Every structure is written in structure tokens, then in C-alpha cells.
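This report concerns only the one structure given below.
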Amino acid sequence: MAAPTVMDKLVSLCKRRGFVFQSSEIYGGLGSVWDYGPLGAELKKNVKDRWWNAMVRARDDIEGLDAAILMHPRVWEASGHVAGFTDPLVDCKTCKSRFRADQLGSSQCPQKPSKHPGEHTTCELTEPRMFNLMFKTFMGPVEESASVVYLRPETAQGIYVNYLNVLQSSRQKVPFGIAQIGKAFRNEITPGNFIFRTREFEQMEMQYFVRPGEDAEWFDRWRAIRMAWHQENGLNPEKLRWHEHSGTELAHYARAAYDIEYEFPFGWNEIEGIHNRGDFDLTRHQEFSGKKLEYFDQAANTRYLPNIVETSGGADRITLTLLVDAFREEQVEGETRTVLGFHPAIAPIKAAVLPLVNKDGMPEIAKELFNDLRKRFACFFDDGGAIGRRYRRMDEVGTPFCITVDGQTATEHSVTVRHRDTMGQDRVELGKVLGYLTERLAG
Ligand code: GAP
């Protein structure tokens, strides 16, 4: 049997330790839909909170929004999704598998994995047909074409159709932005690689409205800001790069587009896109809705449709990137130590409190310290098993600090703080643990 790959090990760790579970597992699972367990929910929340803090709370020029998933069907005609959000699909009549016609060269024939689909003697591929990736459903009791609505395939459109509402209620002036985090749905033909490409996922998108002619300058600015954000979360800069979309790759709405790519075990892949969308979106919504969407620029005494620079990242994909980047195995005293070396701000548990033994007043002191610390940070209490094993359990889920209450604690009022990465230990006064952690968890 082939040795497990890094992805195999990570998927297994995620299940075992409660990061990610397959959706509806007891029914055999649902294709490429995943659920987040206790630690995964904390991890993904940290990703979203850091994005929201950086994009909305820390800036004067960006407002937050939480638009509905269901929108008027005309929105998706205006956006181009009804006509153009399609992938070419081919079926194999022999093995009943589906492939993207434009990705046959990077796909494997399920019957003979050394060959691409169509190359094995028994393959029988159909002609490509265009397949729309939007999920359809019906609004109201009657299932007829007039009541079709779509699950949004991106959050961006909720921002465009609300841009004047936000502008007027917030009293912003161009240039300004609107940010939102929310679910999106795509009926992907070839999802996969765990939570990398799924059919239900969350996006973190920001649309920045600028004066026509200033779009290229803002596009460069936003590229730099977004790349810096990923590095501030602790991603290895050597595993990040830019991919510029060539003319043929550019989406129908884009004047220019760059992807931030990460080097996953399965190759370089996009984790966030920065797009110069020009005036495409507002022009289309103005035309399809019949409502004027122009901005009146008081300073210049002129009206125009703002141009839009978009930053669009996936919360799930970025969570996977952080998991992959943090995962390492190392040999310590003849044993394999598995570590998720998360940046402390990303780690789902910040500190674990561990009484060395369950006697001599240690559990009581430890519980009191734990109850104090948990008011400020996500903490964990563990009094089960040998201390070495408890440290390893915390290393495996990426907890940066373990605080051990030992025999000296009652008499000397101090504890041991053990660092995940170096495994070095500091002796810290009991009353100073909160300050010690606060200093090290900031950032
Ligand atoms: N509004 C522009 C837009 O949606 P996109 O490149 O299609 O652009 C942006 O998607 C980001 O959303 C991607 O970089 C990725 O992080 C995430 N994403 C897209 N499709 C996804 C999927 N099927 N599963 C998980 N994340 C996805």
C-alpha cells in the first residue's frame, strides 16, 4: 500500500481532532460538502474575524454588509452568470465519470490512472456540453420557471445592488469599499482536494468603488494589501506567488486580474483573486434594473459610474492553506511529533491549562487559572494522562502555549509555560500569566 501523503495525513488529523467532517457522513456523505467540527469552527472563525478586522474595523473607508443568499433572478442575468457561468462537461459512457473538457490533460482516467480520460482503449467520451454551475431552486409553492431563484455563486452581487444604500446611509464618499463574508454555492463538476474546491463555501469579498481613471492605481494598492495580509497570518512567503491572468483567462467582467497562489501538496493554486472590474457591474445593473446608479461627486461637480476593484478570497480555501502551511512532522526523542505550527492569532486554542497530577491541590489551582484565562482567550483544560502525551495532543491541534500547574505552584505561586514550537519552558508567576499570554498572542 502506498505511504499516506501529506494531504491524507491532514484529512485524517482534521477528522480525528474535530476540525472537519464529511457532511452527512452516516448516510455515506454528500459529494464535496464538509462540516466544521469544534476546532475547525474556531479556526475558520479566526480567519474570518481577522479579515473583517483588517478590512472593515481598522479602516475608515470600508463598510460591512450582510446581504441575503437569495436574490432577484434578474441579478444573475445582469451579472452574466445565467449566460456565461458555465464549464464544458464531458461524460465517459464506460466508467460513468464526468470531466471538465478543458481539464482532460490534468485529469486521470478512473479505469487506468496513468492515462488521461479519453486515452484508455475503453474510454467513450461524449461531445462537450456547457453546464451552468449555479444551483437552482424555486421560490414559493409552485415549481415553475417563473419562480426559479438561484443560490448565489458569489457574494459580490449583493454588494453591487446595495452600493447606493450603503453609500447614502454611511455618508461615505468615493473612494470607498463594501465588504462582506457569506456563503456561496457552485455546482462544480470536478470538486476535490478536501475543502479546496467544494460545492458550498464561504467567500470574503470586498468591492472598492473608485473614480474612473483611478482603478489601475487602486488595483495595485489592493494587491499589495492582500498579499501582506496572508503573510501576516503566518503563511510561508516562499509558498505564495502572483499569477496574472492573460487575455484568454480573464473573466468576462475583468479588465485585469491577479491571483494570489499558494503551493499546495497538489500544486500551485489560487487562494484569492484581485480583479479590476472597471464599470462592468454597475453598468449592467443600471441597464437591467432601469435604476440610475451614478454617483454624484460633489467636489468635482460631476456624475459617473464608479469603477470597481474587487478582492475575493475563500474562507474555506484560506483555512485549508493555513492548515497545510502549519502541518509538520518532526522526530523528537525517537518519536514522531505532529505539529500544527499556526500563528498564535490563527490557532483555535490559545492556551491549555494542565495540572501535572490530580492531587495536592493542583487541579483546583489549575481550574481557577483556566476559568480566569477563558474569559479572554479560547482555552482548554486537560487533566487526563501523562503530561508528555497531553503536550503532544496540544501540539497536534496547534495550541501555542501549555501552562502546567505543578508541585511548586502552591508554594511558589508560579507555573510552567511550555512553548509549542521550541518546546522550551518558562517559569511565570501565577498572577502574571494573563499578561504573559496577552503580550505573546497579540498581532
Ligand atoms: N467575485 C469573484 C469571484 O467569485 P472567483 O475567483 O470565482 O471570483 C474567488 O472566487 C475565491 O473564492 C477563490 O479565490 C477561492 O478562494 C474561493 N472559491 C471559489 N470557488 C470555490 C469553491 N468551489 N470552493 C471553495 N472556494 C472557492
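The structure presented is a predicted model; accordingly, all values stated were derived computationally and were not measured. Counting convention: from 1, in listed order, for ligands and their atoms alike. The residues of the chain are indexed from 1 along the displayed sequence.
- Remark: among candidates E200, E272, E202, R317, the nearest residue to atom 15 (C) of ligand 1 is R317, based on non-hydrogen atoms.
- The closest side-chain donor-acceptor pair between R277 and N307, if any, does not fall under 3.5 angstrom.
- At the shortest separation from atom 20 (N) of ligand 1 among protein heavy atoms lies R186 NH1, 3.3 Å.
- Scanning all protein heavy atoms for the shortest distance to atom 10 (O) of ligand 1 gives Q203 NE2, 3.5 Å.
- Ion pairing between a basic and an acidic side chain is recognised when a charged N comes within 4.0 Å of a carboxylate O; R129 and D91 show such pairing.
- In terms of N/O distances under 3.5 Å, ligand 1 is not approached by G313.
- Taking all heavy atoms of Y253, F85, F201 into account, the minimum distance to atom 21 (C) of ligand 1 is reached by F201.
- Under a 4.0 angstrom heavy-atom cut-off, R277 registers as being in contact with ligand 1.
- When the heavy-atom distances from atom 6 (O) of ligand 1 to E270, E261, R152 are ranked, the shortest goes to E270.
- The nearest heavy-atom contact from the protein to atom 24 (N) of ligand 1 is T198 N, 3.0 Å.
- Looking only at heavy atoms of the protein, atom 9 (C) of ligand 1 is closest to S312 OG, 2.9 Å.
- Any N or O atom pair closer than 3.5 Å counts here, and G314 shares at least one such pair with ligand 1.
- Of the N or O atoms in E310, one or more lie within a sub-3.5 Å distance of an N or O in ligand 1.
- Residue contacts with ligand 1, taken as heavy atom pairs separated by less than 4.0 Å, involve E205 solely via side-chain atoms from C-beta onward.
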